[in-house]
Structures are given as C-alpha cells and as structure tokens.
Amino acid sequence: MRILIADDEELSRRSIANFLQGQLAHQVEQCENGAEAWEEFKAEPFPVVISDIRMPVMDGIELLQKIANSSYAAQTKVILITGFADVNTAVEAMRHGAHDYLRKPINIREVAQIIANLENSTETRQMNKQKLSDKTVTLIDIKNFGKMVVATPEDRKVLELALKLHGNESMPVLIQGATGTGKEVVARLIHHGKDGVKEPFVAVNCAAIAPSLFESELFGYEPGAFTGASKTGWKGKMEQASGGTLLLDEIGEMPIGLQPKLLRALETREIVRIGGTRAVPCEFRLIAATNRNLAEQVEAGAFRSDLYYRLNMAQIFLSSLRERPATVKALAELFLMELQQAEKTRMKTIHPEALKLLESYCWPGNIRELKNVIARISFLYDTEVLLPEHLSSLLTGEVVDTHVVENYMSDSQNMVLPDDGLDLKQLELRLVKAALEKNEGNKTKTAEYLCLTRRELDSRLRKLS
C-alpha cells in the first residue's frame, strides 16, 4: 500500500516509515510538513496519509481539510499523530473526516493494526491498484463485478447519487441510458455501496424472457401449477431477491398485462405464486433499467403510467460514451491495464493519435463496444503501444472526427473539404447512426429528423450496412 507520512520530527517520521517499509513492505513517502505533503498528494494521491498535527508551514488539521475538500476525499484515509495536549483536537478532527489518531509515543502494533484494517477496505484497496495516466480519474471497485470509472463531473454525480441511494433500500430506482452505458454497473454500486453487502443481487433481463414465461420467472409457481411445472414448485426472482436487490433490466420490454401485478408487489411487499393463494412476504429493493424513453412509452400506451411513476421516484441517466471523451480515455486505459494484469497482453499505453481516433468515434455500442475493441486489438498486435494503424482495420468506415460534419456544413456555399478525399458512404453512415442514437433508436423520429420517410430511412440503412 502507498502511504504518505508528514511529520517535522525526523526521528519519529523515520521510525514509522522504516517499520511500514521494512516490516510490512509498504511504499512510503516522507514529508517534513503539511505543505510539502499536500504537494506530494496533489501530484499523486495516496490511499493513506499519516500526519502529525503540530507542524510548521502547514499543520495536520489544514492538511486534513485540503484532502477532505479534494476529489479523492472518499478514497483517502487520514490518520493524525497527536501529543497528549492535542487529543481533544484529534477527536474533533475525526468528526470532520479524519479516520483515526495515534498518540505519542507511537505504538507500532497500533500502527500495524490500523493499516491492516485499511488494507482490507474497498475504499483504500481501489486506490492501491496501478494508476491510470490521468490523475483526476478515480476507479471504484464493485464487489465481485469490476470497476466503475469516474472521469468527469457527470460521472462523479452518478457515483454520489448511487452511494446516497445505497442507504435507502425502500426507494425504487430507474436507470436510463443507451445500450452499453453501464446501467448494471451503477445498479450493482447502488446495491453494494462502498464496502459490499451479503444480501443477494438478482438481475433479470426482461428482453430475454418469452412473454409467456414472464410471470413464472418473476413470481414463481406452486407445485403442479401448470403442465410441465416442477413437482416441488419454484421460487421466482422476486423471492430470490428478498432482503436484497432485484434489477429488472430492459423493463420497457415487460408485457403491459403483467405490470399491474409488479406494481402491487411493490406496494404491498408481498407476492402470490402462480397456482397459489397464500401471500408470500417479499422485501426487496427494485432497480429498473432501460434504454427506452419510458415517458414516451407511457404516452404511447405501451407502459403503465402508475408503474412508471412508482419506478421514477429516483432516476439516474447515463449519457452515451460519445458525449464523454474523457471517459473513453480512462476506460480504454483501464481495459488495457486489466488485460495486462491478467497477463493476456503486453500492450500498456495508447498513442496520442490513436486516442484521438477512439475519442472521435461515436461508439454506438458504448462501453461494451469499447471494451471489445480494446480486447481484440491487444490480442491481434504484440506491441506495448496501441497505434493508430491498429484501429484502422477495426474501425474502417466508422471513425470520423465529431467536428468534421459541422465543418463541412458550416457554410453551404463554401464547404471546406479535406484534401485527401472524402468517403461519402462513410459520412452518411455516421450521420444516420448519430441520428438514430440521438432519437434513442426510434426510426420514425430519426426519419423525421433527417427529413426522410420511414421507408427511405430503412432503404438507406440496408444500403449502408
């Protein structure tokens, strides 16, 4: 673990550092005062900071405040070193964000125990991994699933809201966003929070269930309830999720005839299995996810308004990846790092020009597509750097700078065209795909947006595919 120590007393500082490095094999940086420590922290944040309270230039309390106000506050634990006269100050500081305090003279066993506890916490463990190149990016570990990348203010708002919702198990959550934007990642973060929980997380893909099987899949059935039913009966997904979280992914695909039964289960906190008469208590947190606009589905009569309003008590919207170039960079580096750590590739970095191509591509499949592209490239090319030419074979006809179309069309009388030629089919394909994504896959609205009939749009899509 990487640990930063700030103490103006050299003997005390060196004693702690030598113990942490020599006996516990941690990476330790030493600073003589809070100002020096703050500069070190800004350059490369540490998961653990041990600081004396009384120091020249900047004391430990001011250093704590600066760390607490930084974007790494949630992932950094500050331990204060205090003399007898400063104990009350240290206790007060803990109320404002300090993790713990150590009394002088320092008890080495006490230091070892605090550090051991921190090593086992999710918050500090995620900062102890290999770093991405952008130090403003945070990686959040999600228990038994993977990582969430926080690279933009929007990402951080999603993170903060998800962690806030983790503490309110009775409130349904609706997560909306295009396919592949990470809806299940956010759902699992809401369930697990920072440190993980033991309660079950049950995910159901509504789009993958045949309409005739929906009710038995969710509510279960009693023995012999229908032809082919198990003789012992079966617990549905709602019962399996009892005490934990039920994720209904692509809830827009749920048959409208079953929606009142789901609404009743949410309101009464109990279900009745198929073929049964007994109400079964069923307490679970419901998270619904969809790539559709449910409000529009309600207006069209394809989704019940009462269920929509019940689900929409808390809402999280995930933007498409093409709107978050900083996230594209962070995710691409994360996927390379994970492949390298698994010893499946030696590719480590991304060439700046290749990064521009990745950031300019529209990513209709969003995070899922980006991950697949990075995996394919890393397996195809045995190099340490991802180069622009590696992308050409995978993204041919797809990569167009997001400003290209605007530049061409900025002056209809004096279009500025590239010197090396223009692939009109490529440009048209990009335009149509972007319009489809803008209208969330609704072909009728996309046709209207492009001043085409629905038949003309379908014809163009066939020709361009």
What pair of heavy atoms forms the shortest contact from [X] to [Y], and how long is it?
X	Y	answer
L63	S51	CD2-OG, 3.7 Å
I3	L20	CD1-CD1, 3.9 Å
I256	P260	O-CD, 3.4 Å
L339	A375	CD1-CA, 3.9 Å
A203	E184	CB-OE2, 4.2 Å
S305	V298	CB-CG1, 3.6 Å

Whether over 12 other heavy atoms sit under 6.0 Å from [X] [atom1]:
X	atom1	value
Y309	OH	no
E169	CD	no
K261	NZ	yes

Salt bridge check: are [X] and [Y] linked by an N-O gap of less than 4.0 Å?
X	Y	answer
D155	R324	yes
R322	E359	no
E267	R264	no
R292	E253	yes
E39	K42	yes

Chi angles and distances behind the side chain to side chain contact (heavy atoms under 4.5 Å, CB included) call for I115, V48: CA-CA 8 Å; I115 297 300; V48 178; 4.1 Å; yes
Side chains of [X] and [Y]: does their closest heavy-atom pair fall under 4.5 Å?
X	Y	answer
I140	L159	yes
L286	V173	no
L331	K371	no
I175	L247	no
L436	K443	yes
K348	V385	no
I79	V49	no
V197	H191	yes

With a 3.5 Å cut-off and no angle check, do the side chains of [X] and [Y] form a donor-acceptor pair?
X	Y	answer
T138	R156	yes
Q315	N312	yes
E154	S319	yes
Q113	N117	yes
N291	T179	yes

Kindly determine whether V280 and E239 satisfy side chain to side chain contact (heavy atoms under 4.5 Å, CB included), including the steps that lead there. CA-CA 8 Å; V280 179; E239 282 189 80; 3.6 Å; yes
With a cut-off of under 6.0 Å to the ring centre and 45° to the axis, is R2 in cation-pi contact with F46?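 Pair R2/F46 counts as cation-pi.
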Gap separating the [atom1] atom of [X] from the [atom2] atom of [Y], nearest 0.5 angstrom:
X	Y	atom1	atom2	answer
M238	E283	CE	CD	12.5 Å
I50	L80	CD1	CG	10.5 Å
E338	S378	CD	OG	11.5 Å
L357	E389	CG	CD	10.0 Å
M313	L266	CE	CG	10.5 Å
W234	R273	CH2	CZ	10.0 Å

Only counting residues at least two apart or in another chain, list the ones meeting side chain to side chain contact (heavy atoms under 4.5 Å, CB included) with L161.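 Here the qualifying residues are L165, I316.
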Okay, side chain of [X], backbone of [Y]: is any donor-acceptor separation there less than 3.5 Å?
X	Y	value
N293	E296	yes
E36	C31	no
W363	L358	yes
N366	R368	no
H26	V28	no
K237	G220	no
R269	F284	yes
E437	P364	no
H390	L387	yes

Among R188, H166, E199, R285, side-chain hydrogen bond (donor to acceptor under 3.5 Å, both in side chains) partner for T245: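 Of all the options given, the one that passes is R285.
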Passes side chain to side chain contact (heavy atoms under 4.5 Å, CB included), L386 versus L391? Steps please. CA-CA 8 Å; L386 193 160; L391 293 166; 4.1 Å; yes
Once the angle between the rings of Y308 and F303 is folded into 0 to 90°, is it parallel (under 30°), tilted (30 to 60°) or perpendicular (over 60°)?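 Taking F303 first and then Y308, their aromatic rings stand perpendicular (interplane angle over 60°).
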Let me see the working for V432 and L429 under side chain to side chain contact (heavy atoms under 4.5 Å, CB included), right down to the final yes or no. CA-CA 5 Å; V432 172; L429 178 63; 5.6 Å; no
Determine whether K183 and D249 satisfy the following criterion, salt bridge (Lys or Arg N to Asp or Glu O under 4.0 Å), listing intermediate values before the conclusion. CA-CA 8 Å; K183 296 187 288 294; D249 199 6; 5.3 Å; no
Residue that, paired with L4, satisfies side chain to side chain contact (heavy atoms under 4.5 Å, CB included) out of Q27, Q30, E29: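 Going through the options one by one, the only one that passes is E29.
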Member of V204, I209, T290, L218 meeting the side chain to side chain contact (heavy atoms under 4.5 Å, CB included) criterion with M254: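 Running side chain to side chain contact (heavy atoms under 4.5 Å, CB included) over V204, I209, T290, L218 with M254 returns exactly one hit, L218.
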